[in-house]
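Computed from a predicted model, the values in this text were never measured in an experiment.
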Amino acid sequence: LFRSQVKQKTQELQNLRTITLITAIVVTALGFLFEQLYNDGWILLTGLIMSMSMVVGFLASYYSALVRRYFSRLSDIIIFLLHTWIVFVAFQRDFDPVVLLPAAISIFTFSLIFDDFRRSLLFIFSITTLLLLLMTLHGAWKPEDYVTLTSLYAGAAISYLLQQRKERFHEEIATQESRFAALVENMNDGLIFINEHWKIRMVSDQFCRISGFSRGELLGSDLRKLTRSE
C-alpha cells in the first residue's frame, strides 16, 4: 500500500511538471503572438517573466528536495499568477471577446487541477472577480458578459462534483489495496510477484519464512537466480 502511494505521488509530481513546462511554452508562444499582432511589448515582457518563473520551478523540482515537497503548492501559486497574467492580457486588449473566451475556458480547465474543492472555488472566484472588477472600472462591461461570468461561477459547482467523484475513486482504490494487502499477509502459502523481466517486485512474509531469505534480499532480485541449483 505504501509503495502504491509513493508511486501515485511520483506520478502526480511528474504530471505537474509536464503541465508546468507545457504551460510555460504556451505562454511564451502567446506572448510573441500578441507582440506580433498588436505590437504590445508589455504582454510579451510579462509573458516571458511568467514563463521563466515556471521553467525555474520546473527545473528546481529536479534538484531541490524542498521544492519537490511543496511543488504542488508552488504549482497552485503559478496557476494563480498565470491567470492574473491572462486577466492583464484581456485588460490590455480592452476585454476583446477573442481573449475573454479562451480566458474563461482556461480558468475552468485549470480549476480541475486542484485536489481540494475549496482551493478550486477560491481560484475561480478570485480570478473571475478580478476580471469583473477590471471590466467595471475600465467601462468595458456589457450585459452579454454576464453569460461568460455566470458560466465561470457555475464551473465551480461542476468542479465540486468532479472533485467528489475523484475522491470517492481514490478512496475505493485505497480500500481495495488495503484488503488485498491484508489477504496476502494472512495467507498460509507464500506469495511472490515478478515483473516481465523476472525481477521480484513483492513477497509476502510467509514466503520469506519458507524460503529463508529476507525481504531486502529478495526484492529486485532475479527469480531465476534463486531457483538455480548450486
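Residues meeting the side chain to side chain contact (heavy atoms under 4.5 Å, CB included) test with L45, sequence neighbours left out: W42, I49. Partners of Y63 according to the side chain to side chain contact (heavy atoms under 4.5 Å, CB included) rule, which considers only residues two or more places apart in sequence or in another chain, do not exist here. Under the ring-ring contact (aromatic ring centres under 6.0 Å, His included) criterion, F71 pairs with no residue at all, not counting sequence neighbours. F80 meets the ring-ring contact (aromatic ring centres under 6.0 Å, His included) test with F123; sequence neighbours excluded. Applying the side chain to side chain contact (heavy atoms under 4.5 Å, CB included) criterion to L130, with sequence neighbours excluded, gives T84, V87, L134. Take F32 and apply the side chain to side chain contact (heavy atoms under 4.5 Å, CB included) test, not counting sequence neighbours, and it matches T28, L44, L48.
Of the possible polar contacts, none joining the S64 side chain to the A60 backbone as a donor-acceptor pair under 3.5 Å is found. Between the side chain of E217 and the backbone N or O of S214, at least one donor-acceptor pair lies under 3.5 Å. Between the side chain of T129 and the backbone N or O of S126, no donor-acceptor pair lies under 3.5 Å.
When the side chains of ILVMFWY residues are joined at heavy-atom separations under 4.5 Å, either directly or via intervening members, W85 and L81 end up in a single hydrophobic cluster. Residues L59 and V26 are members of separate hydrophobic clusters, defined by side-chain heavy-atom contacts under 4.5 angstrom among Ile, Leu, Val, Met, Phe, Trp and Tyr. Hydrophobic clustering (ILVMFWY, side-chain heavy atoms < 4.5 Å, transitive): I22 and I86 are in one cluster. Following chains of ILVMFWY side-chain contacts shorter than 4.5 Å, one cannot reach Y70 starting from V56, and the two form parts of different hydrophobic clusters. Under a hydrophobic clustering in which Ile, Leu, Val, Met, Phe, Trp and Tyr are joined whenever their side-chain heavy atoms come within less than 4.5 Å, directly or via other members, V55 and L82 fall into different clusters.
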request  = Given side chain to side chain contact (heavy atoms under 4.5 Å, CB included), test F34 with Q92 step by step and report yes or no.
outcome  = CA-CA 11 Å; F34 275 104; Q92 287 289 100; over 6 Å; no
inquiry  = Between I43 and E35, is the side chain to side chain contact (heavy atoms under 4.5 Å, CB included) condition met? List the steps.
reply    = CA-CA 7 Å; I43 293 179; E35 200 278 334; over 6 Å; no
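You'll find the side chain of M54 reaches within 4.5 Å of the side chain of T23, heavy atoms only. Contact annotation: the side chain of T18 approaches that of Q14 to within less than 4.5 Å [non-hydrogen atoms, C-beta and beyond]. No side-chain heavy atom of S75 sits less than 4.5 Å from a side-chain heavy atom of I19.
Listed here is the closest heavy atom pair of V27 and M50: CG1-CB, 4.3 Å.
Here the straight-line distance linking atom CG of L66 with atom CG of L74 works out to 10.0 Å at 0.5 Å rounding. How far CD1 of I200 is from CG of L219: 7.5 Å, rounded to the nearest 0.5 Å. Atom-to-atom distance recorded for L131:CG and H83:NE2 is 11.0 Å, nearest 0.5 angstrom.
At a cut-off of 3.5 Å, with distance as the only test, no side-chain donor of S61 or R68 sits close to an acceptor on the other residue.
Counting non-hydrogen atoms of neighbouring residues, nucleotides and ligands closer than 6.0 angstrom, the CZ atom of F91 reaches no more than 12 such neighbours.
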